[in-house]
Amino acid sequence: MKSLKNIVRYAAGMLLLLPFFLLNSCSEDDDNFEDVVPDFAQAIIRSFEINGEFAQIEHTSATITMTLPAGTDLSAVTVDLTAPEGTTVTPESGSTIDFSNGPVVFQTMAENGANREYTASIGAYGDPKILSFAIGENVAEIDEENNTIYIEIGSQDGDIADLAPNFVIADGTSVDIASGVSRNFTNPVTYTVLSNDGFSATEYTVTVEQIEAPKISSFTVGESSGVIDNEENTIYVSVPAGTDLSGLSPVVEVPEGQSVSPTSEEEVDFTDPVEYTVTNTEDQTKTYTVTVETQQANPTKYAFLGEQADIASLVDDDAKAAATWMENTYGDEFEYIQFSEISPQSMARIKVAMIYYLTPAEDLGYSATPDNVSTLLPPSLRPEGAKAQVLKNWVQNGGDMLIAGDANPLIFSLDRVPADFSAPREPGNYVYSEFGCAESAGCVDMGKPADDIWGLGMRPANNSQDRQGHPVFDGLSFENGEYLALQNSATREVRLIWWQHFDGILNPSCCGQDAATTFEQTLAAIKFGTLRHIGDAFGYGAVLWNRTDMNTHEMFDDQISKDFKGSIFSIQNTIVGYEWDSNGTVNDYQSNIETFTGNILDYLYNLED
């Protein structure tokens, strides 16, 4: 019965090798074809036998696995094997092999030049051991001495965050996570193999490395950084007006081991778009179309960025209200740009852009968790998203933005504030500290009394100094000299996603003027206030993120690029009351929202960038 099983396995292996036979069967009358492919069917191991029992041979992955009786001395195992006539195998049949330290490689060599390497792993019954480990056709290296498994996969062999390995364990053992179950291998993972007697176990640490796909990681012409779209395989560079495009020498960066043509710093004529081709270590290629254009000398437009095709189609009532007001206010100087249409060309005309939406009542699925606040953004605006990269480049080149509501995590996508939501908060990782009402439906408060006023707390103690005289508050008054009233409607939508403080990140982190000063110096920013009801300077409700290319403090975080020539004003996603549509109820302070927004946009417009 064992022999029959081995014959079946051999037959299956032959079927897998059928393409090699087909290559050799081409007609000898074809003068344009020369058969130089050896017959790999001659390089297989047909059978692998120990003590009269046959091992399992997987010809696709070239692995051999077998479990011997309990107590077998794995350091001295005699192997009998067969191969096609004329094919040699090293170690040879009849050899006594030490399998106690892990897999052993058997090399075949056929007379026709074909050869293969088979990895043989032998275990004993009940001995907790992984005999083989593979992802697709990629076979791992198993180090029994250190209980580690290492495997390299190709750039096209799947998503490293979602891989389903196949492995074999010794009979008489079990494993905590079964073969074939998908796991995230971005970082090393462990598998624990337990003997069925329950007294012994082995924990393996598995590391997967994926060959990087061909890509251009940076493309720079002089001081102008290219916007790289890896989905469309395009690169756009905007260079100063008057630049001669016929002889530019861009600096092109690719991952280690990859090459690019034309080469970095090679002089190229960019009068028309130019193709750059990257080749990775697998000899896979990717071709980018690079367009270089001179900048519009003086961008003049105000823009609102939204998800739907036009203002009338906006689903979020707050975004529609804000965009409509902006269109009515700025007239011919206004443009509406759909997220999908964000490009270097469309943004080239824009001096100041606003992006704002607040979706709890509509429940459009924009939700956040402490693990990933970026899901409040559409995919293209999340970190590394194609449109986020366009906006980042635009701000670095002098564009100014107002972001508010659920769009606030864009401050991280733009790399203006360093944050990694997959890691703990720590110095240099400025993730938000509160995630109230984070789920997709947010919170909707109804029946609120008119005297329950939400606003921006502007007590001097809230900030590094008294900010009430700043131009963004022109024409506005402060209730009791303490806060800017923004909302008292009966129905209010909210998420409470914001920086409460910076404990463990800045020192001091909370809560007086000295903490605000430290924040401003570290991040090149100005704190404008907190929530109306917060009286101890606790939290950050509105912030101006200044340009970083000049006059930064010695405490400035060097993780932040010093080439931001534009500024960003953010109104945090909190109960400061910045809600443009009152859901059918009346907000007595709607004019404050409009005046405050107009002041911010005009202040940004008039900045020297």
Side-chain angles (χ1 to χ4, degrees), residues 214-230 232-256 258-279 286-301 342-353 384-401 413-416 418 524 545-552 556-568 607-609:
K215 73 172 186 178
I216 290 176
S217 49
S218 174
F219 194 100
T220 307
V221 178
E223 296 185 356
S224 301
S225 299
V227 177
I228 301 172
D229 188 334
N230 281 305
E232 299 295 331
N233 296 343
T234 60
I235 300 174
Y236 179 87
V237 189
S238 179
V239 295
T243 301
D244 180 6
L245 303 183
S246 64
L248 300 176
S249 302
V251 176
V252 187
E253 295 182 3
V254 298
E256 185 176 356
Q258 298 189 11
S259 61
V260 62
S261 177
T263 60
S264 180
E265 299 187 71
E266 180 178 338
E267 186 173 297
V268 177
D269 182 354
F270 284 97
T271 304
D272 297 311
V274 177
E275 290 189 343
Y276 275 71
T277 300
V278 189
T279 305
K286 183 172 186 176
T287 299
Y288 294 82
T289 299
V290 181
T291 301
V292 181
E293 293 182 352
T294 54
Q295 295 172 359
Q296 180 174 325
N298 295 301
T300 61
K301 299 282 190 177
I342 293 173
S343 68
Q345 294 90 334
S346 67
M347 296 303 296
R349 304 181 297 273
I350 308 305
K351 178 66 180 73
V352 176
E384 306 303 326
K387 305 308 179 183
Q389 298 310 301
V390 172
L391 293 177
K392 173 185 175 181
N393 189 71
W394 176 73
V395 175
Q396 286 180 321
N397 286 330
D400 301 301
M401 294 193 78
S413 300
L414 300 177
D415 288 333
R416 181 56 182 83
W545 310 92
N546 291 313
R547 61 190 298 174
T548 64
D549 63 325
M550 54 173 48
N551 301 325
T552 55
F556 179 69
D557 189 330
D558 60 10
Q559 291 186 87
I560 304 169
S561 172
K562 283 195 172 184
D563 57 5
F564 282 95
K565 297 181 178 66
S567 302
I568 304 166
L607 286 175
E608 292 290 336
D609 295 323

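Please read these numbers as outputs of a predicted model, since none were measured by experiment. Residues take their numbers from the sequence shown, with the count starting at 1.
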How far apart are the closest heavy atoms of [X] and [Y], and which atoms are they?
X	Y	value
Glu275	Pro262	O-CD, 3.6 Å
Gln396	Ser561	NE2-OG, 3.7 Å
Glu267	Ser249	CA-OG, 3.6 Å
Val251	Ser264	CA-OG, 3.5 Å

Minimum side-chain heavy-atom gap [X]-[Y] below 4.5 Å:
X	Y	result
Thr552	Lys562	yes
Val292	Val290	yes
Ile568	Arg416	yes
Glu293	Val239	no
Asp229	Ile235	no
Val237	Thr220	no
Ser217	Glu253	yes
Ile342	Met347	yes

Verify the neighbour count for atom [atom1] of [X]: are there more than 12 heavy atoms of other residues, nucleotides or ligands below 6.0 Å?
X	atom1	answer
Glu384	CD	no
Lys301	NZ	yes
Glu232	CD	no

- Message: Does Gln389 form a side-chain contact (heavy atoms from CB on, under 4.5 Å) with Ile228? I'd like the steps, not just the answer.
- Response: CA-CA 7 Å; Gln389 298 310 301; Ile228 301 172; over 6 Å; no
Side chains of [X] and [Y]: do they bring a donor and an acceptor to under 3.5 Å?
X	Y	value
Asn230	Tyr288	yes
Thr289	Thr234	no
Lys565	Asn397	no

Check: [X] side chain, [Y] main-chain N or O, donor-acceptor pair, under 3.5 Å:
X	Y	result
Trp394	Gly399	no
Thr279	Ser259	no
Ser238	Thr294	no
Ser567	Asn546	no
Gln258	Val278	no
Thr243	Leu245	no

- Checking side-chain contact (heavy atoms from CB on, under 4.5 Å) for the pair Lys286/Thr277: CA distance, chi angles, key distance, verdict? CA-CA 6 Å; Lys286 183 172 186 176; Thr277 300; over 6 Å; no
- Query: Can Asn233 and Thr287 be said to form a side-chain contact (heavy atoms from CB on, under 4.5 Å), step by step?
  - Reply: CA-CA 7 Å; Asn233 296 343; Thr287 299; over 6 Å; no
- Message: With a 4.0 Å cut-off on N to O distance, would you call Asp415 and Lys392 a salt bridge?
- Response: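 The answer is yes: the pair qualifies as a salt bridge.
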- Atom CG of Asp558 and atom OG1 of Thr548: how far apart are they, to the nearest 0.5 Å?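 So the gap between those two atoms works out to 12.0 Å.
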- Item | Spatial distance of atom CE (Met401) from atom CD1 (Ile350) [nearest 0.5 Å] |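 The CD1 atom of Ile350 is 11.0 Å from CE of Met401, to the nearest 0.5 Å.
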- Please work out which of the three classes, parallel, tilted or perpendicular, describes the rings of Phe270 and Tyr276, given edges at 30° and 60°.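 Rings of Tyr276 and Phe270: parallel, under 30°.
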